[in-house]
Amino acid sequence: MDFKDLLKEKVKTVDEYLEKYLPSEKEYPQIIFEAMRYSVFAGGKRLRPIIVMEACKAFGGDVEKAMPFACSIEMIHTYSLIHDDLPALDNDDYRRGRLTSHKMFGEDMAILAGDALLHHAFETMARACVEQGDIKASKAMLAIAEGAGVHGMVGGQVVDVISEGKPIDKETLDFIHKNKTAAMLIGALKSGAVLGGATEEEIAKIERAGELIGVAFQIQDDILDVTSTFEKLGKPINSDEKNHKVTYATMFGIEKASEFVETMSDEAIDILKSMGEKTDFLVKLTEYLIKREN
Ligand code: FPP
Ligand code: MG
């Protein structure tokens with residue numbers, strides 16, 4: 001089976017579990033459940049949940065036990081995108097080829113749908129911790145909380161927001177990438193690895209690889225913002241220019257930025273490979289990410 005088909009199958013599995021972990025839209029008050037589901041089922045790549053599952057599997061864990069954590073990280077990711085698109089932040093009308101949450105449901109409901117997804121993620125993980133009664137589950141939840149919180153994604157988002165329109169240096173840009181984007185990918189890798197029973201040494205390697213993959217992923221995102229099309233991205237291109245944002249693409253040019261993506265991915269792949277064949281899928285996923293078009 002080629003890698004794209006393999007990914008499609010995994011996306012299907014993630015979607016089945018998300019269906020199970022998300023409340024039904026028949027519940028009252030319907031509008032909030034509709035808004036939560038509208039954004040979760042908008043056709044995301046399901047990268048973070050797939051990473052949780054595959055990291056768990058790589059280190060010999062039971063993937064079934066990883067599913068509440070895999071789904072929760074996608075809920076958190078979705079909340080962050082809903083809030084990022086709001087008028088007070090990036091003010092975007094399209095995401096994944098569809099109207100953004102506030103365009104569909106109004107700004108009030110979009111804020112609440114984000115809040116609801118974030119809390120539902122922690123409810124789902126806390127329940128899994130109670131049911132599994134295993135310290136590994138609590139550690140997985142901690143890894144995801146750290147990736148999403150103020151020392152991770154939210155902190156990166158803050159620096160991104162206060163840097164808008166300012167001539168920032170590479171150090172600041174790296175802080176933004178490491179926190180806004182890489183922290184959640186590290187959280188995904190680490191939570192999966194912990195659930196799988198990885199050693200301390202393996203977890204340290206996984207964290208370093210996650211940071212490299214995350215920064216490379218964000219640089220690739222910024223490159224695509226310049227070089228891609230609305231059709232491929234599902235959102236307008238040149239949004240960084242619109243928001244007066246400094247990126248690797250504007251700082252170094254597309255060619256040099258692409259070189260950074262490649263060097264970082266190669267280093268991440270070397271680290272993953274140093275742990276043996278078990279990380280094969282994660283290596284293929286990293287290779288796939290640098291060549292992605294959306
Ligand atoms: C696209 O992911 C997302 C990123 C490159 C990360 C951007 C980070 C933020 C917007 C943080 C926002 C934080 C707050 C607190 C508002 P993807 O390509 O995996 O998207 P997909 O799920 O649509 O495939
Ligand atoms: Mg933003």
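Order of listing sets the numbers, starting from 1, for every ligand and every atom in it.
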Find all atoms of ligand 1 within a distance of less than 4.0 Å from any non-hydrogen atom belonging to [X], and give their numbers and elements.
X	value
Asp221	5 (C)
Thr181	6 (C)
Asp84	10 (C), 16 (C)
Tyr79	15 (C)

Judged on heavy-atom distance to [atom], which of [options] sits nearest?
atom	options	answer
atom 8 (C) of ligand 1	Gln157, Met153, Lys180	Lys180
atom 4 (C) of ligand 1	Arg96, Arg48, Arg292, Lys235	Arg48
atom 16 (C) of ligand 1	Ala148, Ser80, Gly152	Ser80

Report task. Before signing off on this row, confirm whether His77 and ligand 1 have an N or O atom pair separated by under 3.5 Å. Result ->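 Indeed, backbone or side chain, His77 has an N or O that close.
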Query raised in the report: Has Asp90 got an N/O/S atom less than 2.8 Å from the Mg ion (ligand 2)?
Result: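 Yes.
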Please report the closest heavy-atom contact between [X] and [Y], naming both atoms and the distance.
X	Y	value
Met1	Asp5	CG-CB, 3.6 Å
Leu282	Glu54	CD2-CB, 3.9 Å
Met125	Ser72	CG-OG, 3.3 Å

Report task. Quick one: look at Gln218 and ligand 1, take heavy-atom pairs under 4.0 Å, and tell me if it's side chain, backbone, both or neither. Result ->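 Side chain only.
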Query - Name, closest N/O/S atom of Asp84 to the Mg ion (ligand 2) - result: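 Result: OD1.
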Report task. Please confirm whether Arg98 makes a cation-pi placement over Tyr38, using NZ or CZ under 6.0 Å from the six-membered ring centre and within 45° of the ring normal. Result ->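 Because its charged atom sits under 6.0 Å from the ring centre and within 45° of the axis, Arg98 does stack over Tyr38.
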Query raised in the report: Among all protein non-hydrogen atoms, which one is nearest to atom 18 (O) of ligand 1, and what is the separation to 0.1 Å?
Result: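 Of every protein heavy atom, Lys45 NZ, 2.5 Å lies nearest to atom 18 (O) of ligand 1.
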Requested in this report: Group every Ile, Leu, Val, Met, Phe, Trp and Tyr by side-chain heavy-atom contacts under 4.5 Å, then state whether Ile186 and Leu47 land in the same group.
Outcome: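 Result: no, two separate clusters.
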Query - Residue pair Met264, Ile219: steps toward the side chain to side chain contact (heavy atoms under 4.5 Å, CB included) verdict - result: CA-CA 10 Å; Met264 287 176 191; Ile219 300 174; 4.1 Å; yes
Query raised in the report: Out of Val40, Ile32, Leu112, which one pairs with Leu117 under the side-chain contact (heavy atoms from CB on, under 4.5 Å) rule?
Result: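 The side-chain contact (heavy atoms from CB on, under 4.5 Å) with Leu117 is passed solely by Val40 among Val40, Ile32, Leu112.
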Requested in this report: Determine, stepwise, if the pair Thr172 / Asp169 fulfils side-chain hydrogen bond (donor to acceptor under 3.5 Å, both in side chains).
Outcome: CA-CA 6 Å; Thr172 310; Asp169 54 15; 2.5 Å; yes
